[in-house]
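Some notes on the structure that comes next.
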Amino acid sequence: MTMKHSVCLLEAVNLALASEMRKDEDIVLLGEDIGVNGGVFRATANLRDEFGLKRVMDTPLAESMIAGLSIGMSTQGLKPIAEIQFMGFIFPALEHIICHAARMRNRTRGRLSCPLVIRAPFGGGIHAPEHHSESTEALLAHIPGLKVVIPSSPTRAYGLLLGAIRDPDPVIFLEPKRIYRSVHQEIEDNGEALPLGRCFTLREGKDITLVSWGAMITETLSAAELLSEQGIQCEVIDVASISPLDTETILASVRKTGRLVIIHEASKNLGLGAEIAATVAEKSLLDLQAPIARVAGYDTVMPYFRMENHFMPNTQDIIDSVNQTLEFV
Amino acid sequence: MTMKHSVCLLEAVNLALASEMRKDEDIVLLGEDIGVNGGVFRATANLRDEFGLKRVMDTPLAESMIAGLSIGMSTQGLKPIAEIQFMGFIFPALEHIICHAARMRNRTRGRLSCPLVIRAPFGGGIHAPEHHSESTEALLAHIPGLKVVIPSSPTRAYGLLLGAIRDPDPVIFLEPKRIYRSVHQEIEDNGEALPLGRCFTLREGKDITLVSWGAMITETLSAAELLSEQGIQCEVIDVASISPLDTETILASVRKTGRLVIIHEASKNLGLGAEIAATVAEKSLLDLQAPIARVAGYDTVMPYFRMENHFMPNTQDIIDSVNQTLEFV
Amino acid sequence: MTTHNILQYLDPEGTPTQTLPQWCSSPDWLLRCYHYMVLARQFDTKAIALQRTGQMGTYASLLGSEAIDVSVGLSMSSEDVLVPYYRNHACQIIRGMPIDEAFLYWGGDERGNASAAMQKDFPNAVPIATQSLHACGVATAMKVRNQKRATITLIGDGGTSKGDFMEALNIAGVWQLPVVFIINNNQWAISVPRKIQTAATQLADKAVAAGIPGMQVDGNDVIAMREAVDSALQRAYEGKGPTLIEAVSYRLSDHTTADDATRYRSNDELKEAWEREPIKRLRNFMVLSQFWDENKEQALLQEINQLIQQAADDYLTRGIQPVESMFDYLYAELPDHLIEQRDWAIVRAMKGGSHYQEGE
Amino acid sequence: MTTHNILQYLDPEGTPTQTLPQWCSSPDWLLRCYHYMVLARQFDTKAIALQRTGQMGTYASLLGSEAIDVSVGLSMSSEDVLVPYYRNHACQIIRGMPIDEAFLYWGGDERGNASAAMQKDFPNAVPIATQSLHACGVATAMKVRNQKRATITLIGDGGTSKGDFMEALNIAGVWQLPVVFIINNNQWAISVPRKIQTAATQLADKAVAAGIPGMQVDGNDVIAMREAVDSALQRAYEGKGPTLIEAVSYRLSDHTTADDATRYRSNDELKEAWEREPIKRLRNFMVLSQFWDENKEQALLQEINQLIQQAADDYLTRGIQPVESMFDYLYAELPDHLIEQRDWAIVRAMKGGSHYQEGE
Ligand SMILES: Cc1ncc(C[n+]2csc(CCOP(=O)(O)OP(=O)(O)O)c2C)c(N)n1
Ligand SMILES: Cc1ncc(C[n+]2csc(CCOP(=O)(O)OP(=O)(O)O)c2C)c(N)n1
Ligand SMILES: [Mg+2]
Ligand SMILES: [Mg+2]
């Protein structure tokens, strides 16, 4: 019998890590402050005590190094799960991620591969210092050979992280830190993974399709709830795996509703919303009864925290956009 | 009286560098092998001889360093023009480009700024080794605070590079190496810059809009020429400044033609084509008489050179796509 | 392996351990130094109080690095350029950053980096070790222009592990740049102790890889710090190239207000470190030298208390920036596609808009 | 500054400069070594010829680094892992890479990295210095699993300036990893001479920054190379941690076939470097030791000539990969959105398709 745990998203990450590390000796964790300290957000709390120094490694401060080490380890059969302390510090690791992790299997025609997970908290809304609030997931989603996964609830964090760890290819697992602790859910630690590469339809509706991921799912669901009180039925899709993208689910929904609003926190220009909109415009143009709207962050630098709320879309913005899209004739 | 030079794109770059360096003492060049060797493609040939060691600096091998140095210099009033030997090696420099060059002005509310240019050859088609053929311009175009410019002819290389050097903000200048030497044009070295942030309409037409940039402009123009023999009039737009994007020119053209094909060598998923398609789908949906088509590289890693031609779109692909778009009713 | 003898003039009790430099016989510099060290500490106390009461954001305390910050601040000329990391508020204040704007930065407001008084000094840098390279760029500009100026840049012990730092030492060596690298070796990088950062005997050894001089200095001893920084600056001014100074200190605070250091380090270690702290050491020496007494101490504390309180008040009454400031400093000129977004941001922030906030 | 004495046993003429290791009295190892060095050189000659005649792509010659490559290849056990840079074809061939597939790689075909015979060795790495960190990851896997194995990774002198290399030395030092770093200091990074890379006296000094042992070795002297590599491997097997070896050589070729070194370096320097080249040195010593004579030389040259010719023929007759191979190795399983692109690629490559090429 497995126990039920009432956990927040952050604890769900911890639960999934512990659960899988018990089953698979090849899993090792590495990153800055993940050991004794249990991570600056405590995502790896207690794991050093349970699994010891050899499986939970505090590294010196160097993200390029963390990625490079992970690549080396993964080719030899270990399953590294690296933490980048904040997504704003992932840039030094990009050369390794783009040139090696994403290419090893292809480059060696399958002789070597890089089954690894790189976890990083991302997104704004917690009044953190500069570079602690970015949403640059689109940069990673553009790279062939990577998978990029973003959970939006404790349940999906648990299931998707297990899916990411078991995946034979490199997965970037981005954790929306704004909702790290906001919601608790009952989770059974049953080791059941959720599939990567699939959207989750969180709410069915016939009037309009709302597509989002990560922390913005919260506002998207609130908007859908409020709109339902006005008789508007929104279909809410959590993209979850932003790469590879499950376009089928989105297209099917748009075929049904004829209207699409995409919501994301990242800057609008070349955010993932662009790809979703382009794909729909390419494959389902005739199904559209209104222009595709994107509710997104501005094309400017995420401001320091005193103004960060002005940058990020909120529930009202989504409602406004939905109303506008519905009014279009 | 200024002299006319018959130059290829590569020589146009050299001409613009020399021309502006003569006028502006603050301009310095730095990069790997740009000095005595004049650059692996010879873009900086003879400049070391003319301007000396202090203005043409061979650096040790480290791209993060090249970008970091450039940032430091530019804040103090120098105008560094850095060369990254191939765009495939720009990744170590991204932290500096994204976190500092693109943000310095904003971060200091205008007290400091980073007027610098980072040049890099990019794109496939010259049978080069791995990592010498990528087109990851979309990564840079997603970053607020940068400008990203791509010439597609000797004339535009000369004019746009002058524009980039004189720009008060950081500009990434990507040179399509496949057409480095393919075409010669007569250029008057008159120091006249072309504006950044503007598309160039290379050919007017009423039937369909073709949007492209860089080396693919060659195939796009060929396709337009061949199609014109069948009586199809293509409007060809060279985006040139992929960030900030001149959406007005594109939208105006689509309003006229009602049909749009976007052509790029980079992977399709989240390539710049996605943003262009999304913008059109958002702002000009009702003008569209057919779905927006993207003729682009596959969502896979650019293969080693023996197969690179299979990856890149060609003239026939563009013609096919245009015909398909025109047939749509 | 190399070993450098650590440079020290005062022991933890403020007693000289060797013949002091000539300038120590006059109180001038020492008094200024003490003034700013006390100011630094009071700034720190106030900042933490503001954070704890929800009036400021996450804050990186400089408790324990006052001697480093202040000696660097005092040794630099206004012509020099400072390229700081995120723990150099005291140095920044000495160089002209208004105290209220130092608070403002930690309050999450870009105007904290904007003061014209900061001249060409760099703003705080959060991405670790990147500043080391920027400093080399700044120094290159000085060198290209044949100026007799220098650049000083600071970094933590953790930061020395990141490639950028080593790339910076290297280019400074090859190009013989007028730059001084100062490592604030406070023994901890958040929860990671110095010995887990590197197997190098001393952080000053990093200099060997770049063929530049490196030295280890007692970072709790302002006299040693001044000597080291002055001579490094002198070398830079004279075209003799870069210097690496490892200043050995201890992070007496949590990493930031978001951290809880008791989770990973022992109380004993902390208590012991307090024995070596820089302010007491200098005060003892000044008392010993009869430059200082309890009356002066009280007067100073009160003076600075007022200064800090005033700055905090100024900070707290500073209104938020207009929402369009998000756009207005991105480029020198606003690109067309941002005009629409800027207008929209203004509308959203207005009464009735989706982002309207009472009282802004 | 540290200074290491360079390790050398044979002078440029092949005359011993000090007492030789015991194993030198038997011809076994030396003959194998010579065999592979000659093979390396003939491979090189053939590769350049193939490139010049348009039958291969840009090629990085290993002329002048035969002693380094071969001694490393021979010293490693098959249990060890090689993490090469792009100039280690000889080492890769010794470790099992089929010679025709070595050509294939430079012919622009991913199958050149695919041979099962390469086991867990890394493929060629074009992005400079990244391999140093991969090697540390490989060595970490060995250490975590308590295996008595080691990792060897190579890099150029230019590569030592990139942050990754220093980060790699550093982590290897902290974690005491079973890894051997070998710098092929061939004096040039394309057109940039060694002295413009770093002000360090020796590249071996880079080790000091990481607190690990470093040594400088004559990279044209196989005996010195074997001694250095063997003892570094031994240290690694025994859990004593990493070693840095700077192998001093000279790039006798252009950087690659796309380069023209006469643009930036003098003929005199090159001529002088040829005096020190590794193959002649070993041959002279073997002749001196009566292990070798002209008959043997001719027989060997002919044997290897045949081998290389055969490999080149095999390479040239190797068909192109099926176009769908672009997709089939991207992920373990083809994601849905690529099915359509894959089908499309196949159609485009077929007769009548936009990418049809005669004879493919
Ligand atoms: C590139 C990068 N990675 C990670 C972080 C997160 N981080 C902030 S401070 C810190 C520790 C820094 O320690 P140290 O360099 O010793 O400086 P100290 O804070 O002790 O003064 C870390 C890991 C960061 N800011 N930048
Ligand atoms: C990160 C990166 N930057 C630039 C290049 C281009 N490049 C290829 S080889 C080379 C010089 C390398 O010199 P060195 O490390 O001394 O090795 P060598 O070729 O001399 O053996 C350069 C700059 C690259 N491959 N990777
Ligand atoms: Mg520290
Ligand atoms: Mg070299």
Side-chain angles (χ1 to χ4, degrees), chain A residues 25-26 28 30 53-55 57-78 80 92 95-96 98-100 102-116 144-147 167-170 196-198 241 243-248 279, chain D residues 81 83 109-116 118-127 129-147 149 151 153 162-164 166-168 170-171 173-175 177 179 321 325-338:
Chain A
E25 291 250 306
D26 286 329
V28 296
L30 69 161
L53 267 165
K54 282 206 168 172
R55 294 186 64 195
M57 316 181 198
D58 271 325
T59 65
L61 202 164
E63 286 75 14
S64 177
M65 184 202 72
I66 292 171
L69 283 175
S70 302
I71 288 163
M73 290 187 225
S74 65
T75 59
Q76 309 298 309
L78 286 188
E95 180 177 40
H96 284 275
I98 295 175
C99 299
H100 298 290
R103 293 178 183 219
M104 191 62 78
R105 182 187 295 281
N106 187 63
R107 176 180 288 153
T108 61
R109 303 282 94 166
R111 181 171 61 85
L112 299 180
S113 61
C114 290
L116 58 85
L146 295 180
K147 297 185 178 182
D167 197 272
D169 287 303
L196 308 193
R198 292 281 161 262
S241 284
S243 173
L245 190 63
D246 169 13
T247 50
E248 269 323 305
T279 303
Chain D
V81 171
V83 185
D109 191 314
E110 289 84 354
R111 288 172 299 181
N113 286 321
S115 171
M118 295 171 74
Q119 300 193 52
K120 295 287 182 189
D121 283 2
F122 264 54
N124 290 333
V126 171
T130 51
Q131 76 277 10
S132 309
L133 284 167
H134 304 159
C136 291
V138 172
T140 305
M142 293 170 174
K143 176 143 185 159
V144 164
R145 289 167 164 167
N146 292 314
Q147 296 166 334
R149 300 164 63 202
T151 310
T153 186
K162 188 156 173 270
D164 290 46
M166 295 306 298
E167 291 180 0
N170 193 56
I171 191 66
V174 185
W175 288 0
L177 297 175
V179 58
Q321 299 176 86
S325 66
M326 267 198 273
F327 298 94
D328 291 345
Y329 300 99
L330 192 62
Y331 299 98
E333 231 181 288
L334 194 72
D336 289 352
H337 78 291
L338 286 180

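All chains are named by letter (A, B, ...) in the order of the sequence lines, taking the proteins before the strands, and each is independently numbered beginning at 1. Computation of the quantities below employed the complete heavy-atom set of this structure, encompassing side-chain atoms and omitting hydrogens, waters and symmetry-equivalent molecules.
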Specify the closest pair of heavy atoms between S64(A) and D164(D), including all atoms of both residues, with the distance to one decimal. OG-OD2, 3.2 Å

Heavy atoms only: give me the nearest W175(D)-D58(A) pair and the separation to one decimal. CZ2-O, 3.6 Å

Quick check: does any side chain N or O of R55(A) sit under 3.5 Å from a backbone N or O of V144(D), one acting as donor and the other as acceptor? no

Between R111(A) (side chain only) and Q119(D) (backbone N and O only), is there a donor and an acceptor less than 3.5 Å apart? yes

Could you pull out all residues at least two apart from R111(D) that satisfy salt bridge (Lys or Arg N to Asp or Glu O under 4.0 Å)? D109(D)

Sorted by chain and residue number, the salt bridge (Lys or Arg N to Asp or Glu O under 4.0 Å) partners of R149(D) (sequence neighbours excluded) come out as none

From [X] atom [atom1] to [Y] atom [atom2], the distance as rounded to the nearest 0.5 Å:
X: I66(A); Y: I171(D); atom1: CD1; atom2: CD1; answer: 9.0 Å
X: L78(A); Y: M142(D); atom1: CG; atom2: CE; answer: 11.0 Å
X: M57(A); Y: T140(D); atom1: CE; atom2: OG1; answer: 6.0 Å
X: M166(D); Y: M65(A); atom1: CE; atom2: CE; answer: 13.5 Å
X: N113(D); Y: R107(A); atom1: CG; atom2: CZ; answer: 7.5 Å
X: L146(A); Y: L330(D); atom1: CG; atom2: CG; answer: 9.0 Å

Should R198(A) and D336(D) count as an ion pair when the cut-off is N to O under 4.0 Å? yes

Chain D contacts, top residue of [options] (heavy-atom pairs, under 4.5 Å):
options: A67(A), S113(A), P80(A), G68(A); value: G68(A)
options: G145(A), P244(A), S70(A), P168(A); value: G145(A)
options: T75(A), D26(A), T59(A); value: T75(A)
options: K54(A), R105(A), R103(A); value: R105(A)
options: M73(A), H100(A), E25(A); value: H100(A)

Do Q76(A) and R145(D) have side-chain atoms, one donor and one acceptor, less than 3.5 Å apart? no

Can you tell me which portion of [X] sits under 4.5 Å from chain A's heavy atoms? Options are side chain, backbone, both or neither.
X: A168(D); result: neither
X: M118(D); result: both
X: F327(D); result: neither
X: V126(D); result: neither

Could you tell me whether the side chain of [Y] reaches within less than 4.5 Å of the side chain of [X], counting heavy atoms only?
X: T279(A); Y: H337(D); answer: no
X: N170(D); Y: P60(A); answer: yes
X: P123(D); Y: M104(A); answer: yes

Taking every non-hydrogen pair under 4.5 Å, which of A135(D), P335(D), S325(D), A139(D) racks up the most with chain A? S325(D)

